[in-house]
Colleague: 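Just passing along the structure, written as structure tokens.
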Amino acid sequence: MSAEEQTEAVIDRQSMEVDIACAGFGPATGGFLSTLTKAWTDNPADPAFESKVAPGMPLQVLCYERADDISSGVSGVVTRAQAIRSSFPNLDPSEIPMAVPVKSERVMYLLDPIGASRRSALLRFGDRLLRAAGPLLGVRDHAFTLPWTPAFLNKHGGLVLSIGQFNQWIGTHLMATGLVQIWPGSPVAGPLFSGNRVEGLRLADQGVDKSGAPTDGFMAGMDVRALLTVVGDGPVGAVGQAIDDKLGLPLGHAHREWALGMKFVIELPEDSNLENSPLQPGTVWHSFGYPEPEVFGFLYVHPERLVSVGIFVPSWMSNPSRTAYRYLQHYIQHPALWKYLKDGTLRSWGAKSLEESGKHGEPYLVGDGYARIGEGSGSTNMLTGSGVDEAWATGTQLGEAVIELLRAGKPFTQENLAATYEARRRASWVERGAKEAENARNGFQDGIVKGMIGMALAGLSYGKLSLTAKVPPAHKQIRPFASQSVEGLQLKQAVALAHADGRTFHDALLSVRGWPEIPLDGRLLVTQQDALLLGGKVQAMPGFADHVVFRNPELCIACGEKTCIAMCSGQALTQGEDGAPAFEREKCIHCGACLWNCGQSPDGEHSNIEFRAGSGGLHSAEN
């Protein structure tokens with residue numbers, strides 16, 4: 001018996017029984033609980049909703065969320081919202097703060113106005129041709145606007161949302177019904193297994209040291225035993241990861257394609273001439289080409305002069321010197337955006353990892369005692385760039401399935417959940433879209449040009465045509481370099497510069513690579529440390545163990561790239577004295593980027609970083 005197992009054997013844990021336990025509160029869980037509560041409020045006397053664990057009472061439904069508040073989502077999104085509108089046929093977007101119908105869309109290719117980005121010879125040649133033909137093609141401010149928005153990207157009739165505000169709106173409605181309890185600030189350590197059956201959730205221990213060993217104030221995490229466990233804790237959630245580790249993935253499936261989304265919420269000044277500005281509420285801009293060819297960008301306009309603007313840094317961007325925060329600062333300074341944003345004020349900031357494998361990363365959706373919904377279930381459509389509505393739809397499908405099983409008096413077995421929930425999902429528009437997008441990202445491993453061709457083929461042919469590709473594990477997508485190469489020398493210079501003037505590693509990295517310094521103004525262009533103290537404040541309750549763990553520190557010491565440090569969104573990872581990264585839990589925003597930006601692997605598939613359950617993270621209702 002291991003030391004950990006010996007410690008566990010003597011821990012006295014409290015236990016409670018519920019009918020349904022949910023891990024994670026986001027759009028998917030919101031869709032599930034909304035469907036369940038609507039059916040109950042329509043007919044509270046329906047015997048199907050009598051609790052099996054507390055006879056005579058309504059269903060006992062509990063949801064546990066890691067973040068300190070259910071409004072702490074970190075994504076401003078644009079969505080077609082067909083599933084959301086189906087749940088709320090009379091939805092008035094003005095009831096949801098920061099929500100507005102989509103009014104206009106455009107797609108822009110951004111040229112490099114300063115000559116600092118890494119562009120291939122072919123792309124530089126194409127850029128020269130585009131600049132030469134600029135007067136005829138309408139190139140303005142180093143940007144070429146496509147004459148149309150491809151149908152697969154079009155969000156006409158959809159909504160611009162703040163996920164934080166949307167979650168808060170949904171959660172308020174759910175709690176008001178009295179059927180559902182939502183507990184924020186309650187990280188779930190993992191599922192409770194009995195063989196391969198999931199029998200509930202175990203909450204994280206409190207009063208422990210960094211390694212998880214009990215201290216004087218130790219309080220064991222409760223075991224919440226449930227007839228059904230709903231797994232909606234996202235792509236880096238501890239429950240989903242544990243189920244994958246124990247049960248594996250379907251043959252040929254793997255979690256190998258990722259991106260880090262990082263964004264600012266900017267408030268435009270009161271004297272903005274919005275009547276003559278293209279930045280009307282409901283405006284949606286998609287972009288690609290800058291600050292690096294592989295980086296995609298977006299701009300969404302909310303009501304009340306608020307703008308969400310951000311970038312996606314993908315795992316197939318093979319250069320190990322990739323970063324995000326400073327890239328985002330350069331992105332908003334692109335002339336096509338800066339002329340509208342330059343007088344604005346940074347209101348909040350956020351980042352999260354996106355699991356972009358789609359169908360290729362879909363896990364087993366159901367098993368005895370559990371069902372998986374949302375992004376962690378492979379629902380995100382990377383062709384349309386849409387995930388919120390798909391996640392909501394998977395939740396409503398599970399809700400309908402659970403109601404059917406309750407009314408039929410059937411248990412939550414793998415067979416019954418497959419015949420109800422999985423069958424609904426396979427017959428839905430979510431599945432059709434997932435199949436069309438299944439191979440849409442093929443080609444990007446060989447460069448942006450080939451990738452865009454492959455994406456266009458899949459999009460215009462509704463998935464009938466696509467390129468073939470063999471996607472390696474995320475750690476193998478990070479291209480190693482020799483210590484005496486140009487990149488290796490730049491890395492050493494960045495480390496020295498960071499130590500010399502106290503700047504962050506990612507900031508120093510772009511400086512030594514020739515990117516101009518950011519003209520900090522204390523208002524919109526601020527240091528990353530200042531951004532952490534603004535609207536997107538980082539909070540971490542004391543008494544929890546470190547949730548970022550290095551499996552084999554020796555691999556970290558031998559690693560020359562240190563991409564995990566460069567891509568850390570909250571400066572929680574820094575260069576340690578012994579060469580291994582040092583982790584500060586109090587700065588972590590739980591974006592999960594370190595998990596797939598590690599260039600080392602102890603087993604050939606997983607990275608050398610383990611991302612466990614943890615408390616805290618970024619706290620901002622505007623994200």
Side-chain angles (χ1 to χ4, degrees), residues 27-28 75 77-84 102 105-109 146 148-159 235 252-261 284-289 293-298 300 310-317 353-362 374-394 425-471:
S75 181
V77 301
V78 58
T79 172
R80 288 175 180 162
Q82 65 182 88
I84 294 172
V102 174
E105 296 178 83
R106 70 171 63 170
V107 180
M108 300 184 296
Y109 173 65
L146 273 62
W148 84 102
T149 299
F152 57 86
L153 284 178
N154 197 298
K155 303 296 189 301
H156 183 70
L159 296 173
H253 289 206
H255 303 304
R256 294 183 171 184
E257 297 174 86
W258 299 84
L260 179 69
V284 174
W285 291 356
H286 311 278
S287 71
F288 62 102
E294 302 94 336
V295 175
F296 290 79
F298 64 87
Y300 310 142
I311 58 173
F312 298 104
V313 181
S315 58
W316 46 266
M317 182 177 176
S353 285
L354 305 171
E355 217 280 293
E356 297 195 329
S357 300
K359 286 289 290 183
H360 292 296
E362 183 184 277
E375 186 182 355
S377 73
S379 63
T380 301
N381 187 315
M382 296 318 304
L383 177 60
T384 63
S386 178
V388 169
D389 204 37
E390 285 79 359
W392 182 274
T394 64
R425 181 157 165 175
R426 298 302 181 208
S428 73
W429 61 268
V430 175
E431 179 75 5
R432 291 193 297 273
K435 288 183 175 179
E436 291 175 5
E438 186 170 8
N439 297 310
R441 289 301 176 97
N442 288 357
F444 281 111
Q445 298 294 330
D446 298 321
I448 183 67
V449 174
K450 187 174 179 180
M452 294 301 290
I453 293 172
M455 191 171 178
L457 274 176
L460 298 176
S461 70
Y462 298 97
K464 296 181 177 65
L465 300 175
S466 63
L467 300 179
T468 58
K470 185 175 182 180
V471 180

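Just so it is clear, the values below take in all heavy atoms, side chains as well, and ignore hydrogens, waters and symmetry mates.
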Colleague: Is the number of heavy atoms from other residues, nucleotides or ligands within 6.0 Å of CH2 (Trp148) greater than 12?
Modeller: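 Atom CH2 in Trp148 is not crowded, with 12 or fewer foreign heavy atoms closer than 6.0 Å.
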Colleague: Backbone N or O of His156 within a donor-acceptor pair of the Glu105 side chain at under 3.5 Å?
Modeller: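 Yes, Glu105 side chain to His156 backbone: donor-acceptor pair under 3.5 Å.
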Colleague: What distance do Asp389 atom CG and Thr380 atom OG1 have between them, rounded to the nearest 0.5 Å?
Modeller: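 Rounded to the nearest 0.5 Å, the CG-OG1 separation comes out at 11.5 Å.
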Colleague: Between atom CG of Asn442 and atom CD1 of Ile453, what is the distance when rounded to the nearest 0.5 Å?
Modeller: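 If I round to the nearest 0.5 Å, the distance is 13.5 Å.
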Colleague: Is the backbone N or O of Glu438 less than 3.5 Å from a side-chain atom of His360, with the two atoms forming a donor-acceptor pair by type?
Modeller: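 Yes, because the side chain of His360 sits within donor-acceptor range (under 3.5 Å) of the backbone of Glu438.
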Colleague: Say whether, by atom type as modelled, one donor and one acceptor occur between the side chain of Asn439 and the main chain of Ser466 under 3.5 angstrom.
Modeller: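 No, Asn439 side chain to Ser466 backbone: no donor-acceptor pair under 3.5 Å.
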Colleague: With a sphere of 6.0 Å drawn around OH of Tyr462, does it hold more than 12 non-hydrogen atoms of other residues, nucleotides or ligands?
Modeller: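 For Tyr462, atom OH is not crowded (no more than 12 foreign heavy atoms under 6.0 Å).
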Colleague: Salt bridge (charged side-chain N to carboxylate O under 4.0 Å, His left out) with Arg426: which residues, sequence neighbours excluded?
Modeller: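 Arg426 satisfies salt bridge (charged side-chain N to carboxylate O under 4.0 Å, His left out) with Glu362, Glu422, Glu431 only.
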Colleague: When rounded to the nearest 0.5 angstrom, what is the spacing between CG in Leu354 and CH2 in Trp258?
Modeller: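 So the gap between those two atoms works out to 9.5 Å.
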Colleague: Looking only at non-hydrogen atoms, find the nearest pair between Ala437 and Leu383 and report the distance.
Modeller: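 That would be CB-CB, 3.5 Å.
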Colleague: List the steps, then state whether side chain to side chain contact (heavy atoms under 4.5 Å, CB included) holds for Met455 with Phe444.
Modeller: CA-CA 9 Å; Met455 191 171 178; Phe444 281 111; 4.2 Å; yes
Colleague: If you look at every heavy atom in Gly374 and Thr394, which pair is closest and at what distance?
Modeller: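 Nearest pair, atom of Gly374 first, then Thr394: N-OG1, 3.0 Å.
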Colleague: Between the side chain of Lys155 and the main-chain N/O of Leu153, is any donor-acceptor distance below 3.5 Å?
Modeller: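 Present.
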Colleague: Which value, rounded to the nearest 0.5 Å, describes the distance between Ile311 atom CD1 and Glu294 atom CD?
Modeller: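 Nearest 0.5 Å value for the CD1-CD distance: 11.5 Å.
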Colleague: When rounded to the nearest 0.5 angstrom, what distance separates OG1 in Thr384 from CD in Glu436?
Modeller: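 Rounded to the nearest 0.5 Å, the OG1-CD separation comes to 9.5 Å.
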Colleague: For Gly443 versus Leu467, what's the shortest heavy-atom pair and its separation?
Modeller: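 The answer is CA-CD1, 4.2 Å.
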Colleague: Checking side chain to side chain contact (heavy atoms under 4.5 Å, CB included) for the pair Ile84/Val388: CA distance, chi angles, key distance, verdict?
Modeller: CA-CA 9 Å; Ile84 294 172; Val388 169; 4.3 Å; yes
Colleague: Between Ser353 and Leu260, which heavy-atom pair has the shortest distance, and what is it?
Modeller: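 Nearest pair, atom of Ser353 first, then Leu260: N-CD1, 4.1 Å.
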Colleague: Using a 3.5 Å distance criterion without hydrogens, assess whether the side chain of Ser357 forms a donor-acceptor pair with backbone atoms of Glu257.
Modeller: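 Side chain of Ser357 to backbone of Glu257: a pair is present.
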Colleague: Can you list the residues that meet the salt bridge (charged side-chain N to carboxylate O under 4.0 Å, His left out) rule with Arg106, with sequence neighbours excluded?
Modeller: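 Once residues adjacent in sequence are excluded, Arg106 has no partner under the salt bridge (charged side-chain N to carboxylate O under 4.0 Å, His left out) criterion.
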Colleague: Nearest 0.5 angstrom please: His286 NE2 to Tyr300 OH, how far?
Modeller: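 Output value for this atom pair is 6.0 Å.
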Colleague: Kindly say whether Thr79 contributes a backbone atom to a donor-acceptor pair with the side chain of Ser386 at under 3.5 angstrom?
Modeller: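 Checked: no pair found.
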Colleague: Starting from the C-alpha separation in whole Å, work towards a yes-or-no answer on side chain to side chain donor-acceptor pair (under 3.5 Å) for Arg425 and Ser377.
Modeller: CA-CA 11 Å; Arg425 181 157 165 175; Ser377 73; 2.8 Å; yes
Colleague: Pair Trp429, Asn381 - check side chain to side chain contact (heavy atoms under 4.5 Å, CB included), show working.
Modeller: CA-CA 11 Å; Trp429 61 268; Asn381 187 315; over 6 Å; no
Colleague: Evaluate Phe288 against Tyr109 for side chain to side chain contact (heavy atoms under 4.5 Å, CB included), listing each step before the verdict.
Modeller: CA-CA 5 Å; Phe288 62 102; Tyr109 173 65; 3.3 Å; yes
Colleague: Would you find a donor on one side and an acceptor on the other, under 3.5 Å apart, between the side chain of Glu375 and the backbone of Glu355?
Modeller: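 Pair found, side chain donor or acceptor close to backbone of Glu355.
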Colleague: Could I get the full list of salt bridge (charged side-chain N to carboxylate O under 4.0 Å, His left out) partners for Glu356, not counting sequence neighbours?
Modeller: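 Residues passing salt bridge (charged side-chain N to carboxylate O under 4.0 Å, His left out) with Glu356: Arg441.
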